[in-house]
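Here is the naming used below: chain letters follow the sequence lines, and residue numbers restart at 1 for every chain.
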2 protein chains.
Amino acid sequence: MEAQTSPARLPADFADGVFPAGCPSRTVLDHITSKWGVLILLALSEGEQRWSELRRRAEGISEKMLAQTLKTLERDGLVLRKSQPVIPPRVDYSLTERGYELSGLLVPLVSWAYNNADEILNGQR
Amino acid sequence: MEAQTSPARLPADFADGVFPAGCPSRTVLDHITSKWGVLILLALSEGEQRWSELRRRAEGISEKMLAQTLKTLERDGLVLRKSQPVIPPRVDYSLTERGYELSGLLVPLVSWAYNNADEILNGQR
DNA sequence: CAGTATCCCTAGAGATACTG
DNA sequence: CAGTATCTCTAGGGATACTG
């Protein structure tokens, strides 16, 4: 098999092919491709959900990491937090418009990973 | 803004909305969304490249992480390593067909991150 | 229910030196 | 040039306990 060049092109600023160390996109990329970040964004792509629901779906996440991940995504304007002043507390999380846009790119990636996982890890063609 | 549901759908196995802890796709996802993994795959989407070239492009990567990342991606069948028995050594890396397919999903994501980075990190609408 | 606050701990990242 | 081999270190992540 020969080397190929991807049809989808990178932003022109990467035209020299260098990904600068201090580039802000690195930070954003770290947030949205983080282990738990992806899963939370994906879960929320199915619609608004509560804390406990997210915890159940992103199986294996600790409370600490759920809180941290949600805060980061909220600060980044990707996730919206709606808190009701009731007892017991009720908090709903959902995607913002921007988060929704992003999830449209993430879903195909996760689907691909899911569909190719066995072949990739078990080495068969 | 109201909660929305993404048009792109997840694999049916995720229909219950749960991402199982032991799911193989988690491992694959970790590889391809790793800090350096993304950048290497992206760099290679521009075509075959040598070790030193990759090191230059993924600015800030250490030799250790470059070696480790390339090995993982090669084992996963995403990257092809072609070594010439010459002195000085010459090794070329390129994407396999599967890696190429993946890069088609990664490029839009990185482009999105690049285009939205400033607004995300500086908080303006 | 929806989180904080702590403590602990090691895997993973970087730096450096060396080599075929 | 294209890597390995070590060493070091800390910050990310888990577990647990507690709270408005």
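Although no hydrogens or angles enter the test, the distance criterion places a donor-acceptor pair under 3.5 Å between the side chain of A/Thr96 and the main chain of A/Gly99. The backbone N or O of B/Lys82 lies less than 3.5 Å from no partner atom in the side chain of B/Gln84, so there is not a single donor-acceptor pair.
Distance, A/Glu48 CD to C/dA2 P: 12 Å, rounded to whole Å. Between B/Gln84 atom CD and D/dG3 atom P the separation is 12 Å, expressed in whole Å. Residue A/Gln49 contributes atom CD, which lies 16 Å from atom C1' of C/dC1 at whole-angstrom precision. B/Arg56 has its CZ atom 12 Å from the P atom of D/dC1, to the nearest Å. Atom CD1 in A/Ile87 sits roughly 14 Å away from atom P in C/dG3 (whole-Å rounding).
Pairing each heavy atom of B/Met65 with each of B/Thr69, the nearest pair is O-OG1, 2.6 Å. A pairwise comparison of heavy atoms in B/Arg81 and B/Ser83 identifies NH1-CB, 3.5 Å as the closest pair.
For B/Arg90 and D/dG3, the shortest distance from a side-chain N or O to OP1 or OP2 is not below 4.0 Å. Put simply, A/Arg50 has a side-chain N or O that comes within less than 4.0 Å of OP1 or OP2 on C/dA2. Between D/dC1 and B/Tyr93, no contact under 4.0 Å exists linking OP1 or OP2 to a side-chain N or O.
Heavy atoms of A/Arg55 sit nowhere under 4.0 angstrom from any nucleic acid atom.
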Intermediate values then yes/no, side chain to side chain contact (heavy atoms under 4.5 Å, CB included), A/Ile32 and B/Trp112: CA-CA 11 Å; A/Ile32 66 184; B/Trp112 185 91; 4.3 Å; yes
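Taking 4.0 Å as the cut-off between side-chain N and carboxylate O, A/Arg56 and A/Glu53 count as a salt-bridged pair. The pair B/Glu46-B/Arg57 does not count as a salt bridge, with every side-chain nitrogen at least 4.0 angstrom from each carboxylate oxygen.
Results of the side chain to side chain contact (heavy atoms under 4.5 Å, CB included) test with B/Val110 over B/Leu42, B/Leu39, B/Asn115 single out B/Leu42 as the only residue that passes.
Comparing the helix axis at one end of the helix from C/dC1-D/dG20 to C/dG20-D/dC1 with that at the other, each defined from 5 consecutive pairs, gives an inter-axis angle of 60° (nearest 10°).
To the nearest 0.5 angstrom, A/Leu44 atom CG is 8.5 Å from A/Leu73 atom CG.
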Indicate for each nucleotide in nucleotides 4-20 of chain C, in 5' to 3' sequence, whether protein heavy atoms under 4.0 Å reach the base (B), only the sugar-phosphate (S), or nothing (-). B--------BBB-B--B
